[in-house]
Structures are given as structure tokens and as C-alpha cells.
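In what follows, chains are A, B, ... by sequence order, proteins preceding strands, each numbered from 1.
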Amino acid sequence: MRISLKWLSEYVDLGSLAGGAQQGAPLAPAQPRSAAPVLAAADEVARRLTAVGFEVEAVERVGQGLAGVVAARILASEKHPNAEKLSVTKIDAGQGEPLQIVCGAKNYQVGDVVPLATVGTTLPGGTRIEKAKLRGVESFGMLCSARELGLSEDASGLLILDRGLAPGTPIADALGLEDVLLEVNVTPNRPDALSHVGLAREVAAILGQEVRLPRPALREAGAPAAEAVKVRIEAPEKCARYAARVVEGVKIGPSPQWLARRLEACGVRSISNVVDATNFALLELGHPLHAFDLDKVAGHEIVVRTARPGEKIVTLDGKERALEPDDLLIADRDRGSALAGVMGGGDSEISAGTTRVLVESAWFAPSGIRRTSRRHGLKTEASYRFERGADPGMVIPALDRCAALIAELAGGTVRPGIVDAHPRPHQAPAVRLRWRRPAELLGIDVARDEVRRILAGLGFEERASDADGATFGVPSWRVDVSLEEDLVEEIVRTKGYDAIPETLPANAVRTPVEPADAQVTARAREALEAAGFAEAVNFSFVAERDLAPFADPAATALRPIALKNPISADLAVMRTSLVPSLLRNASTNRRQRVEDVRLYEIARVYRPAPAGAPAPAAEEGELAGVLVGRRSPTGWAGGSDPVDFHDAKAAVAAVLEALGIDARWRARGGAWLHPRLSAEVLGADDAPLGEVGELHPRVAEAFELPRGVLAFRLSGAALVRGARLVPRYAGIPRFPAVLRDLAVVVAEGVEAGAVLAAVREEPLVEDATLFDVYRGPPIPAGKKNLALAIRYRAPDRTLTDTEADAAHARIVARLRGGLGAELRG
Amino acid sequence: MADLLGQLEALAKGAREAVGSAADEKALEDLRVRFLGKKGELSAVLRGMGALPAEERPRVGEVANRVRDEVEALLAGAKSRLDARKLEAELAGPPIDVTLPGRRVLPRGHRHPITRATEDISAIFARLGYEVASGPEIELDWFNFEALNIPPDHPARDMQDTFYVEASTLGDGAPDGSVLLRTHTSPVQIRAMQRLGVPPVRIICPGRVYRSDYDQTHSPMFHQVEGLCVGEGITFADLKGTLAAFARAYFGEGTRTRFRPSYFPFVEPGAEVDVSCSICGGTGRIPVRAQGQAGEPAQTRRCGTCKETGWLEVLGAGMVHPKVLENGGFDPKRYSGFAFGMGVERMAMLRYGIDDLRLYFENDLRFLEQF
């Protein structure tokens, strides 16, 4: 909400905030006087409003830097001899001699008074005005548009001023241009503060003043309004009150400048005197109003009703809107004239020929307005306030204020009386406050006198009190207050949170347990980071096509969980694997010429939940990684080969080891992996833990990656299930080991794992390490030589060579018999 | 006998001279063989002992042993001198190039700044007795909004542009009512209270949250840490003390906190919490030292982090709204509590000086490798 400080100062005396400067009678519109004390209070007003919950996000000083800009009358204007688009004018700037000024605008007439930036002036935009020669004609200053003066965005022509202004008058003074605009963040619970009077009420409460409400001078004449129009409410649950006044004999025209400028300062465009009057009353009092051309209201009858099936309306923005029965209409005898509380209709719009105006002031139920506003994508100043809750007590004062303004600005007469349909009178709620409650919630005692003073200052009226507490009537504008806690908030808001001390809670603490999944995550992170991986954090939503290669063939769901309103197709479905995000990361990094990529991510993946689950979706942890590039960082100490399957496997093995999980590796991972260069990772009882391997060439291509990219993913749930986080001590061997190497030749198809397993079957084998794999002469084609270092040990005695030899022989026999291995020399 | 003794004497003399001039280990070894080897000079002399009368042999044997000991000692001494000289020479050589980079088999790993900040925040609250809780990211409207005192058609829903989930993709288990991506971690308040059933409740919940807003300063996914403390007699003063302690632990001793009234539907009263700017120390100005200037800098420049206000808005907080306590299964007449929430991206930005939100999710290694 944009607030003009000068406007605000009409309702509350800001002088005491301006460092002792005195403030006189309220500033009347269009009666310029020195604004200095008000403007000096700006920072303090901003600070105090922020302190009571209305955060002032910006303080903007306007109309400054206009020294040297004066009102000037155009005495004559001729075409420039050498330029099509320029004119040469003679100007009276109050200096006796007329000045010659070259001008590019066309929107003036001789006799108009306009702003003149005299030679030596620096305009707010930084332009310095010098004596100049324009196409051979001398010019002694510049005639200005509103934009050049920093007053508005209007650069369409010269700013035309009131002809009554004496030439030479500095325009900042003359127009009262100097002001401070406050950008106030009004939270959704406080619609009552969406106006100058609303915020003035808060400032007045801070300063212990009474807010000065405008007192419209309403002069009624003619036949009663009730004879001119009838009002009927058919949907009282959506419209608790509809009041109307009739102003006759108006002449539609532009608004006076003080009014137009006020609206523009607050971000509202000036349209015509009648429409501006409704907007002025809105910005002043916070209550939305609407003006109809009464002669376009068929049957001179207003019906507040819901839309009929198939009904349409053309709103003021020129759009035809198909309505639903939930939409509330302001209709005449024949059809809808306005989308109630949201936007008027084109048919009954005020136009240049309007002479009779019907002014509407109503109270609409917030939820209905919100639904209509959202359904039609129409957010207006009116809907914004009605959906938050308008002040039922402001319906009539705002109507009177607006009718009086219209009569004053457009020269009409207000017909006597208000046509007022009021099926549901407002019941001001009363809230009980126990005297001890502030202390219970805040931790500080607040004296009863202070409670009473604070609440009274904010308009809460004490209705009854006893030793235990008191009951307070809630003012009609405070739609947010209904509970005892709300009153406590009013108290602390006014006192300030600084009054509360800092303590620590004294409630008990539960057994500090770290959940297993947090421990598993922490260890997995450490293992991966030790293996040189950097952690990535990706969005949880991805493009649906990216997930296709990773679909679980056994899954029943055809599609991943999709968003109804995604940001884009690339962020449209909840990922079922982290791998595609990491592949995108690898691709992006390589485009940035970062060629060695090791990334991991630990996050949730999302799948439909089984029926009856506590949450709408099954969210399980996944750990995934991608690696591509060199095995070791480039350095002087030797070259580095590109990573391959076994580098990826090492990373996965490091994680499993850190979690105390024994794993088995079975050839061939999922469809997204290269069928020859991938594996499935199995835990105890062959429970699947995940997959690792080189990307399938087609998948690599789809993600714009070269061949040779490795990736893995592990199921978080399976890791948590299998993890042995607490190690068991096994006793250090007391007897010496016997070491023997073994070289065997086996067929290519025999896996090293099978050879190692067979070796480990021998009870005396403590450990066996595969230290070489060799193919090539003299080993026959289709075979490979495996070299193993075997450590034999008995737990209870020193092993003799004979015993070790016997064990070694048993192993050789087992390998030969089971795996067709041949002993090599 | 005299002849033999003379030979021994000559041998010893020869050894003294020869060992003294031996230049290296090889020469010493040759000398050992020459004098003491099986076919060496000493052996040759001793072979001559057989011809001596028995009574003379001990005398010659004694001398021979003395000579052997002497030669051995000479050789050992020479060896140790040579070793010392060699070591000295080795130590006195030119140093290696210590500036050559260390040998790295694997690159260093890196933890994402959001994880780092989350861990730091969680650790501080763990020391204050808070457990980590979690809840679903794909959440029911009821937990995300209604249970938190944000009914349908409530304008506070405007504060949070919500992603909704296509119900048909939720499978057979799709619940009644609308399903969304949680817009804040606050629904975990309700879930934690329901799960625990009775006080005390002291939980924090770090996690991903989602809002459909995507531009330079908004990300459709970001991270929050929610906190909740419920019990008997919990007051706003406890909230202030807790967050002040947290702010000092996270931003440094001497950090001040400021509570301003604000509105969140699930707390009453509610507050926004500012901390004194960690960049300029709360002064709003940063000293500028002219080049080569010592002492107090005369000039200052505007602090862009706090926009010269000296304060950073980092937390939302308040006393848990009675309706929220009720929805969590707690009697608001008996229990009270406070809740707070903060944005992890912002906390990390302030800690690490990151100036662009988008960097967090691009996963550019040139960014990640700085952590």
C-alpha cells in the first residue's frame, strides 16, 4: 500500500514526530502550505509503523529538486522556422521580460500555465538546463512534462497547470508537490489498514491521539433517492448490505489537479471526476465504492444476485466473462451490470454524457469475492479489500463521503436519503481477556491499566470486567480479532517486543535420539566426499521424458506424480530417480568445460503411495552419483586414465563399507545402463540395494553426454535396513599367518568373485586379495590369469608349512573341480 | 716366533695406513677381505702358528687376536666415518622442489552449502535439546493450510503460490482432498505433535519446500528449517531467548536480535525476527580504507547486504496459535508453545557471501568446489 505522508497528516497530527516542529490545522486539499514538519516526520513514522507491525519497505521523497521550476504562462507560440516538430514560444515567467523558449510538445494552448525549468536548474532526472540554441533559435529554459519533473510517468506532453497560478511561482510550493510516499507492507489480516485513515488510526494509537475522520458536507436536495432506484439483495449470505445514493446533474470532466496527483502518487490513474471520487474515498477510507450511470440501470433497479447458468458479462477491462452460479452480480432489471466487489461492467460505466450517478457502497462476504477474483484472474483494489474483509461500519460513511465529493467535483446535487438494503446487520464480537493471560503467553506482567489504555487506544471498548478479566468489544474494522490471543497480540504489538526479556524454555527434553536414516545419510556423505564427490542439490521436479529410461518395469504406475500447475514442462513431474538430474548436471558442467565430474545427491524420490498410507505419496530416500572424466586429478606425477566401471564400483563399495553392509555384485543393471558394463548391487539375502555402471549409449545420447559416463543409485530404505552402524570388535590374531600366492588360469566367463568365494571356503583362509588380472600370451585366448595373495591363519596355533600346503592344495583342487581352473607355474 | 710377531705387527701397521686412506665402502670391504678374510693376511700369519712350539702359541694367538680386534675396530670406525660423511653430503644437497603439488589420487569432495548450513543450524538446535523431525513434501492441503489456521479462500494463501498435484497420478491410494507440494515446513508442526502425542515437544525440521515462483530472487524449490517447542508455561520470552541464542551461535557472539510484530496465520502473536547485520556489524556502513592508510578508516560505504539498515530479516516466529495446538492434539488451555522458521538459502548466503540464489541449484562444480 502506497501512502502519501501529507495525505496521512490530514487525519493525525504528525508534528510531534518531526523533532518538535509544530503542526497547525489540518491540511486542506489544494491549499498549499509548508509541508516541512510533516515531511520531517517521515522516517519516524516509518520506524513507528514498522514497530507495530506495518513494515515500511520504502520511503520515497518526491517533488524535491524542483528549485528553479516555476509556473509560466504561454503568451505566444509559433512554428520553428527550421524544424517541423518544434515550436518557438514566448513565455511570461514573472520576470517582466518575456522569455523565448523552444518546445517540442503540442498539447498546450496559448494562455496555458505550464512548468518552466529556468536556466541553471537541475531536474530530478539529472538534466541540467542551460541556455541553448536549437536549430538556430535561442532557448532560455525548458517547458516540462510531469515525467521530466519526476511527478509521474506521464511524458505525453507538457504538464498543464491551473491558469490561476501567478507566473513565477515556484511550482513545488504552488502545487504542494513535496511529499513522502511510504510503501507499507500490510499483512493479509489487516485490511483495515489499507487506507490513509486506516494507517492514521494506527499512528494515532501510537501517539495517543484521536484520529480525525473526514466529515463530508453533504447537501441533499430534490426528491428522495428511494424514488429514483430500488435495491434488492437475493443472496444475503454473499452480500450483507447494499447501500446506494443518487447524485443528479453531474458534469463529467477531469479532476482538479490536487486530486489527480494524489491518486497518481498512490498508483491510481486519474480517469474522471466521478470515478476519481470513488477511488479517492477508497484510498482515504479503505472502503471500495462503485459508480453507475443511473440512466443505464434498466428499470432503475439494483438486484444483488448470483449469476444464472450460462450468463456472461463484459467487465470494464473489455473482456467477456462466462459466469458461474457462485459469482455474485450487481444486476439491473435485465442483466448484470457489475461483478460484485471485483469489477464494474461496461454497460453501466460512467461516460462523458453521464448526468445521474448511482453510488454503491456494500459489504460482500470475503470468501465469495476471493473465489470470483481467482476464477476470473481479476485482482482489483476492490477485490483485494473485500476478500480480506471490509469494515461493515464504513459502508455508510464511505458512501456519504463519496457522494459529497462527487457533488463537489462534478457539480451535482445529492438526492435525500440512502437506499439501504441491510439483511444481515453486523454483530461486533466481544472477546474476553483474562488478566493473567498476557503474562502466560508473553512472560511479562502487563498492568491492567496499561491493558485498558492500549486496547482503548485501538478502538476496543471495554464492556464488562471483574477480578479475573474483562470483555472487550471489537471495533467493526478489526476483522482479524476474535480470540483472547489476538488481544494479547494487540497489547504486545503496542508495547513492543523489546519489553519482553530473553529466557530459555524450562520444559523437559526427550531422549536425544538421532534417527537411523540421518546417521546413514551422514556416513554415506562422508564416504562419497572422501571418494572425491561433490554434493549436488537439484529440483525435485524434472521433465517427464527424462525419467522414462529409469522407470521401474515392475511398477504399476504408468506415470510419475505430476504437477497440475508446473513452472514448465521441464519441471513438471516429481522425480522417481535422482540420476537424470545428475546427468543434466554432468552435461551442463561439461558444456562449461569442466570435464572431470563427480557429483552425488541424496534426496527423496516420489512414487504413488499404497492405499491407506499416512502421506499422499511414497517418499523414499535415494543416493545417486555420476562420474566422468579422469580417474585422478591431472598432475605432474603421472597421467590419469578415464574412469570406468570399477571406479564407480569403488565409490559404491566405499559407501557400503562405511555402512557395514556386505554386498554382492551381479552382472547387468537396469535398462538405463550398458548391459555389459553394469551391475546390480545386492545385500543380505540378495535384497536389491541398487545399480551401478556405465550409461547405456542411448541414454548418454539423450542427455547429451559422451560414452564412458558412469552412474549409480542406491535405495535409501535398503541402506538403512542393511546398515550395521556399530562395529563389533573381533580380536587381534595372536598367531602368525602364512602367506601364499596363487595364479590360476580360468575361462573369461568365470568371475573373479566366484574364484575368491571358492578360496574363502577353505577354513584356514583368513583373507584373499586379487592382485592381478592378466590376458595375453602365453595365456590362451578366451582365458585369463588371476593372481591371488592368500593369507592362512589358525586362531589357536601357529600354522605349520605342511598345514598351509595342504590347505593350498585343497583350494587348487576346489578351483579345478568347480571352476575349471588350471594352476599356472 | 719373533718372526710371526713381526708379521702381525707389520699387518697391523699396514691395516692402519690402508684403512686410513680408504675412500669408500667398497675399498673398506676389500681391505676387510685382504686383512681378515679366509685367504687374508691374518689367516696367512696364523697358518704359520702350526710350526711353533706349543708354549709359544698362546702368546702369538693373543697378539693375533689383538691385531684382529684392532683391524676390525679400524674398519668399523672408518665405516662409521664414511657413513657420517655420506649422510652429511646427502643432507647438505639442494632441497627438492617443495612447490610441486602434492600427489592426489582422488579429488577432494565437497558438501553443498545448503547441506552445510542445514547441518550447522541443526547442530545448534541439537545442543538446545531439539530433535530432527520430518514430514512429507507431497502433502495434504489440510496439513499445509487448514490445520495451520489457513482455511480455503483465506487471503494468506496468496502469500504462497502453491504447486498442486495431479490426483490421477497419485494412483489407487490417492486421498480425498487436494494434494500439493508443501509450501513451508510448518505442516511438520502438526505431524510432530500428532506423532508425539504429549509434551515435551522440541523439534526442528529442515527440508525442501516449494512455491510456484521462478525468477532471479525466487526459486520454485528452496529449503526451510522449522522449529517447534511446546509444553506447559512456554512464553514469548522463551522464544526470544531461544532465537537470540541461536543467532549468536550461528552469526557470532555479539549478534543482536530484534523482534517486529508480523502476521503468520499459525502463530499469535507473530513476529519477524531481524539480526544485526553480520557484514557491517549492524552499523549499515562498511569502513573503506584508502590504500596504504593506517589507523581508523575515515571513509565508509553503504552496506549492500542490509541495505544500510543494520538489520537482516532472517526468521519468522510466534506463539503457536491455539487452533494449531488443537489440530496437533494439544489442549491450548493447558499447553503453549512457540514456532519459528527460516530460509536455509538465505542463512547460507549470509554465511558464505553467496549473492545469487540460482547458483544453489545449477550444480556448477566451479561453485560447489568452493565449499
Side-chain angles (χ1 to χ4, degrees), chain A residues 50 52-53 187-189 367 370-371 387-388 441-443 485-486 488-489 492-493 497 500-505 507-510 518 528-537 539-540 557 559 561-565 567 585 589 594 606 608-611 613 615-617 619 632-633 635-637, chain B residues 100-101 103-107 109-112 114-115 129 132 136-138 140 153 155-156 163-166 169-173 175 179 199-200 202 208 212 214 220-221 229 231 234-238 240-242 244 259-263 268-269 271 319 322 336 360-361 363-365 368-369:
Chain A
T50 300
V52 296
T187 52
N189 59 325
S367 57
R370 179 167 165 85
R371 284 196 299 272
E387 70 175 24
R388 282 162 172 69
L441 272 179
L442 303 176
E485 287 75 11
D486 298 328
V488 174
E489 173 164 67
V492 69
R493 190 169 73 83
Y497 283 127
I500 298 179
E502 291 176 1
T503 60
L504 284 174
N507 66 340
V509 174
R510 286 169 189 266
L528 286 167
E529 285 159 20
F533 283 75
E535 188 193 7
V537 174
F539 289 159
S540 305
R559 286 191 64 191
I561 295 172
L563 298 182
K564 260 186 195 159
N565 52 336
I567 294 276
N585 298 155
N589 272 294
V594 179
Y606 311 84
E619 302 180 19
S632 296
W636 56 276
Chain B
L100 271 179
R103 190 174 283 113
R104 268 237 150 105
V105 178
L106 287 171
H110 306 275
R111 195 161 298 187
H112 197 285
I114 286 176
T115 307
V132 172
E137 293 167 22
I138 298 181
L140 291 167
D153 302 324
F163 282 115
Y164 287 93
V165 169
E166 192 66 65
T169 60
L170 284 170
D172 301 335
V179 176
R202 277 195 203 192
R208 296 178 170 216
S212 79
Y214 198 7
M221 183 191 91
C229 173
I234 302 292
T235 69
F236 203 102
D238 296 329
K240 280 190 71 174
T242 299
F259 284 66
R260 282 183 289 109
S262 190
Y263 171 70
E268 187 78 296
M319 298 303 290
S336 58
Y360 287 122
F361 307 110
N363 297 307
D364 188 321
L365 275 158
L368 298 176
E369 279 168 0

Interface moiety of B:R208 toward chain A, non-hydrogen atoms closer than 4.5 Å
side chain
Given the options A:R371, A:E489, A:E387, which has more heavy-atom pairs under 4.5 Å with chain B than any of the others?
A:E489
Is the side chain of A:R510 donor-acceptor paired with the backbone N or O of B:P200 at a distance under 3.5 Å, no angle test?
yes
Is B:R111 in contact with chain A via its backbone, its side chain, both, or neither, using a 4.5 Å heavy-atom distance?
both
Evaluation steps, side-chain contact (heavy atoms from CB on, under 4.5 Å), between A:E535 and B:L368:
CA-CA 7 Å; A:E535 188 193 7; B:L368 298 176; over 6 Å; no
Can you tell me how far the OG atom of B:S212 sits from the NZ atom of A:K564, to the nearest 0.5 Å?
13.5 Å
For a 4.5 angstrom cut-off between non-hydrogen side-chain atoms, does B:R104 reach A:S632?
no
Greatest number of heavy atom pairs closer than 4.5 Å to chain A - which of B:E369, B:M319, B:M221
B:M221
Can you tell which part of A:A536 gets under 4.5 Å to a heavy atom of chain B, answering side chain, backbone, both or neither?
both
Among A:L441, A:V509, A:T50, A:V488, which residue has the highest count of heavy-atom pairs closer than 4.5 Å to chain B?
A:L441
Given that the side chain runs from C-beta out, which part of B:R103 has a heavy atom under 4.5 Å from chain A: side chain, backbone, both or neither?
side chain
Pairwise side-chain contact, A:Y606 with B:I138, heavy-atom cut-off 4.5 Å (strictly under)
yes
At their closest point, which heavy atom of B:L170 faces which heavy atom of A:P608, and how far apart are they?
O-CB, 3.2 Å
Turns out that what part of A:E619 lies under 4.5 Å from chain B's heavy atoms comes down to side chain
Ranked by heavy-atom pairs below 4.5 Å to chain A, first place among B:P269, B:P136, B:A271, B:A237 goes to B:A237
Residue pair A:I500 / B:F236: nearest heavy atoms and the distance that separates them
CD1-CD2, 3.7 Å
Checking B:P199 against chain A: side chain, backbone, both or neither under 4.5 Å from a heavy atom?
backbone
With chain A, which of B:T242, B:I114, B:V132, B:V105 has the greatest number of heavy-atom pairs at distances under 4.5 Å?
B:V105
Pick from A:A617, A:S367, A:A562 with the largest number of heavy-atom pairs that fall under 4.5 Å of chain B:
A:A562
Looking only at B:L365, B:V165, B:N363, B:T235, the option with the highest number of non-hydrogen pairs under 4.5 Å against chain A is B:N363
With rounding to the nearest 0.5 Å, note down the distance linking CD1 in A:I561 to CD in B:E166.
11.5 Å
Show the nearest heavy-atom pair for residues B:Y164 and A:N565, with the distance to one decimal.
N-OD1, 2.8 Å
State which residues pass ring-ring contact (aromatic ring centres under 6.0 Å, His included) with A:F539; sequence neighbours excluded, sorted by chain then number.
A:F541, B:Y214, B:F361
With a 4.5 angstrom heavy-atom cut-off, could you sort out which part of A:V52 is near chain B: side chain, backbone, both or neither?
backbone
Bottom line for A:N589: the part with an atom under 4.5 Å from chain B's heavy atoms is side chain
Residue, of A:P501, A:A530, A:A531, A:G635, that accumulates the most heavy atom pairs under 4.5 Å with chain B
A:P501
Looking only at A:V492, A:L442, A:N585, the option with the highest number of non-hydrogen pairs under 4.5 Å against chain B is A:L442
When B:P261, B:G241, B:G109 are compared by non-hydrogen pairs under 4.5 Å with chain A, the top option:
B:P261
